[in-house]
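Structure first, commentary second.
Computed from a predicted model, the values in this text were never measured in an experiment. In what follows, chains are A, B, ... by sequence order, proteins preceding strands, each numbered from 1.
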Amino acid sequence: MDTRKTREAGPLNLMQRWKETFTAKPSDKEKFYLTVAYPYPSGAMHVGHGRTYIVPDVIARFWRMREKEVLYPMAFHVTGAPVIGISKRIARQDQSAITLYRDLYRVPDDVLATFTDPINIVTYFSREYQRVMTAAGLSIDWSRTFTTIEPAYSKFIEWQWDHLKNAGYVVKGAHPVRYCTQCDNPVGDHDLLEGDTAQIQQFTLVLFSSEEGYIPCATLRPETVYGVTNLWVNPETEYVRIEIDGQIWIVSREAMGKLSLQDHDIKELGTIHGSYLVDRVVHHDLCGDIPILPASFVDPDMATGLVMSVPAHAPYDYIALRDLQQKGKYSTITPVGLIQVDGFGTAPAVEAVESAGITDQNDPRLLELTQQVYSAEHATGKMREKYGGKPVKIAREEVSIILTDRHGSIIMYEFDTRPVVCRCNNRVFVRVLHDQWFLSYSNPQWKEQVHEQLQRMDLVPPEVRAEFDRTVDWLNDWACTRRIGLGTRLPWDPEWLIEPLSDSTVYMAYYTIAAGIKKIDHTLLTPAVFDYIFLGKKQEGLPNPELLDELRREFLYWYPYNYRFSAKDLISNHLTFQIFHHCAIFPRELLPQGMVVFGMGLLNGAKMSSSKGNVYLLEDAINDFGADTVRMFLIGSGEPWQDFDWRNDLVASTKKQIDKFAATIQSCMEADGPVHPVDPWLMSRMQDHVAKGTAAMERFQTRQALYEMFYAVEADLRWYRRRTGSIQGKDASKILGSFASVWLRLVAPIIPYTCEELYQETNEGRLVSTAPWPVVDTSAICTDAELGEELLARTVEDIESILRIIKIKPEELSICIAPEWKWKIFSQVAQSPQNKTLIKEIMQDETMKQRGKETIDTVKQCTSHLHRLPPDLVSSLVQSRLSEYDLFIAAKEFLEREFSLTVTVYKAGECHHSKAQSALPYKPAIIIM
RNA sequence: GCGAGGGUAGCCAAGUGGUCAAAGGCGUCUGACUCAAGAUCAGAUCACGAAGGUGUUCGCGGGUUCGACUCCCUCCCCUCGCACCA
């Protein structure tokens, strides 16, 4: 029989019963509401996604068994531009897109043909997600599912944004973005063909006046303006004269295009050749009259295409100047040093170039040299006294302000690396958007609210707190609207769509009413309706008041949510955004209570990536190994916040363990034999596993919980089997039945299919999913039994280790127990924190004194022995005073069976072998002959 | 570069001042079962050892301490994030 099919494929009636069980309804029970970031369904689920939803599912199942009313909902985030790009690529038969969707995601050809409409992509994959999530055994309440472009959800988003606007958090502003002039839209990382690492840099334009107009030179180091000795122009290039915001400038043609995207009013007046500018004199108040010199390294496509020259501090400038001077020109120009750097003289660039032995401007080492000089000056440089004497870092800011305030300088944005190319093959430029809407995350009061809320929240693991706080501080205004994509339009400016990260911040509230709200026609869902449901502001004329009352109650039942789960890469945006939005809209008592941050997934040691084909689809994993195996492997692969590695070779062994577990449970449930002396030990240990496993689950330590509740129990059972001589089937002790009942329920959240089937065999078809979670039975805790078995196990280990070493053929094993007086010393040593006066104290006892050196040796031996025992074991040992003799007599048969030797147990003094004297409390002497 | 986290035996990984030669898993080896292989079960797996022991290890190098995988410092390496994108 193929056990996997019956156990893990999920019989139809079980799936039906689960579906009903997981539909959450407000009740008298305490609630537990957890949410996971909903998926963007643009492709098939892989095992990495699997873990994101399985870990919360295990938590959800745990709390459901703890008799809480659990809500675990799911929806689909279909807002944004990516699917539009995908559909375009499929429409134009882009081979890599076709391969990805047809071969890797295995989309049928007839379905793929419909993907030219982006809606069909998200619809198809939403269904796929739901199907695979269900197969994975996720206890999701599907009655509340929705997509983010449904009309009712859009109404909800409109309500949210009205509130944000009214609170003053949505503002219009100017902001530099990467912009594709052909798509007429900002471009994100994934829309780039080339240049995805390019950063937008802020150049200060220093305006030099000339007869022809201003000549703007871009610089990242405005503080060096005092050391400018000349300008550089490319004599091979044609420049343009432009009128910009009323001034006349000379810039490269490329620069004119760029500046026109940066919020300036520009008119081209004519052209002017680079060579024409050579030797003209320009002026700036901070450096005086200087000439324009020719240089081939000047790139017209870099900033303005004109460069100011600071030969003392810029290697390129120095070498270009030196080249000219070697030809006998401009010999009157000397570098002006203005920054003092440790390890350099007056002109660091000059020294660096000369000592590196660079001979011309095209030497590739110049780039590296420039980097070195720049970072040295930035990190440790100080302006010379004449120029203010401040550190470069500070002077840079100050000079920049002086330049903009008094010398007409403005900012120009430019990429640090080029080219940057859009997927449409067009060049991407920096554009300053001025009619863009922003969420003002820079607002200090808002930030403060979020900080305060974070303090009240439970963050798991605690280490992420620093990152959250830092993100809040670092966040700047967020451009929250787009021209293209799917989504909801901004209610007061419908030209704009609300951007995906911004429409997914308070939807956890929407889940609470997502099922009921469907009963109201979406056209009636005015902001007033949501004001009542979420904020309790009742107004006249609301539709269906009874239903709204019910929704209001349901919202208040579930909210605030208990925990939100998401991968750690969302800390710097989504996870923090959602706190901002909650703070802006909801009253304090409804604000989020906790977050759990996940690690990332690897596949066989390499990063999982759909585009590189390094993925293992969740559905394939479920088909190959079974849902329970996938679940248990993912839980066991690390704590939720740790990165994990999916490895097929390890997964196969997980499957074996589950099969073994199922067989064990079945045989335990059949057991009906007489009780065994080791039974109390087994049941006592189980209480410890229940306590530790429960505590781990409560702290989201699912891996630790799996260890306690599965592997540690299994290890106990192994020892139990060994002790009882593997009594199997019906003859095994009947306590195994209750043992199995506890064990089964402990493991049920992790491997529900297996446990559900096993549970129903003996529980009249009731579901383990709603069975009560095991509680610690204090009456079953038996410290003496645990101490005794621990001693026995340690002794067995010692015997094994001796047998391994000795080369004689053993025939007889003797165990000699330590005398009573050694116990006395043992407990005195155990209870004495430092043993300086200990020997004195012990010697006050006459009988001890008489033993002389023997006493002293025993104190030393006990001290080192105690040192090797766990502290809590020692304290129970001192209290319990178990009878070692009785223990070993009872275990005599076991020892004889284990080692196939005759075993004799001696009380202290009964054995006269010299080794018998080495017996210590909790460490009997072992004599093998 | 900036911010956050991390480097533990063949591999993955637990461990935050003495319970540590260091849990657990994988791999490997040995035994049992088997005609055999596989599966399963038991044991071993840093080195040395004819008695339960000893020696040397936890990224590199220093320091604090009677004692450090654990605390402090320098350095090296890895992962994640750095914004208009899910």
Over all strands shown, is [X] touching base, sugar-phosphate only, or nothing at heavy-atom distances under 4.0 angstrom?
X	result
A/Pro924	base
A/Asp645	nothing
A/Leu475	base
A/Ile799	nothing
A/Ile927	base
A/Ala925	base
A/Lys923	base
A/Ser918	base

- Query: Picking from A/His689, A/Gln701, A/Arg703, what satisfies side chain to side chain donor-acceptor pair (under 3.5 Å) with A/Glu708?
  - Reply: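 Exactly one candidate clears the test, A/His689.
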- Message: Going by side chain to side chain donor-acceptor pair (under 3.5 Å), A/Thr481 matches just one of A/Lys172, A/Glu495, A/Gln436. Which one?
- Response: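 With A/Thr481 as partner, A/Lys172, A/Glu495, A/Gln436 yield a single side chain to side chain donor-acceptor pair (under 3.5 Å), made by A/Gln436.
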- Which one, B/rG52, B/rA86, B/rA51, comes nearest to the side chain of A/Ile928? B/rA51
- Item | Integer-rounded Å distance: B/rA14 P and A/Phe710 CZ |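 Atom CZ in A/Phe710 sits about 20 Å away from atom P in B/rA14.
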- Please tell me if the side chains of A/Thr79 and A/Tyr40 come closer than 4.5 Å, counting only heavy atoms from C-beta onward. no
- Task: Examine the side chains of A/Glu884 and A/Tyr922 and answer whether a donor and an acceptor come within less than 3.5 Å of each other.
- Result: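 Distance-only check fails for A/Glu884 and A/Tyr922.
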- Under 3.5 Å donor-acceptor pair, A/Asp798 side-chain atoms to B/rA51 base atoms: no
- Considering only the P atoms, how many Å lie between B/rG63 and B/rU28, rounded to the nearest integer? 43 Å
- Item | C1' atoms of B/rA9 and B/rG15, separation to the nearest Å | 14 Å
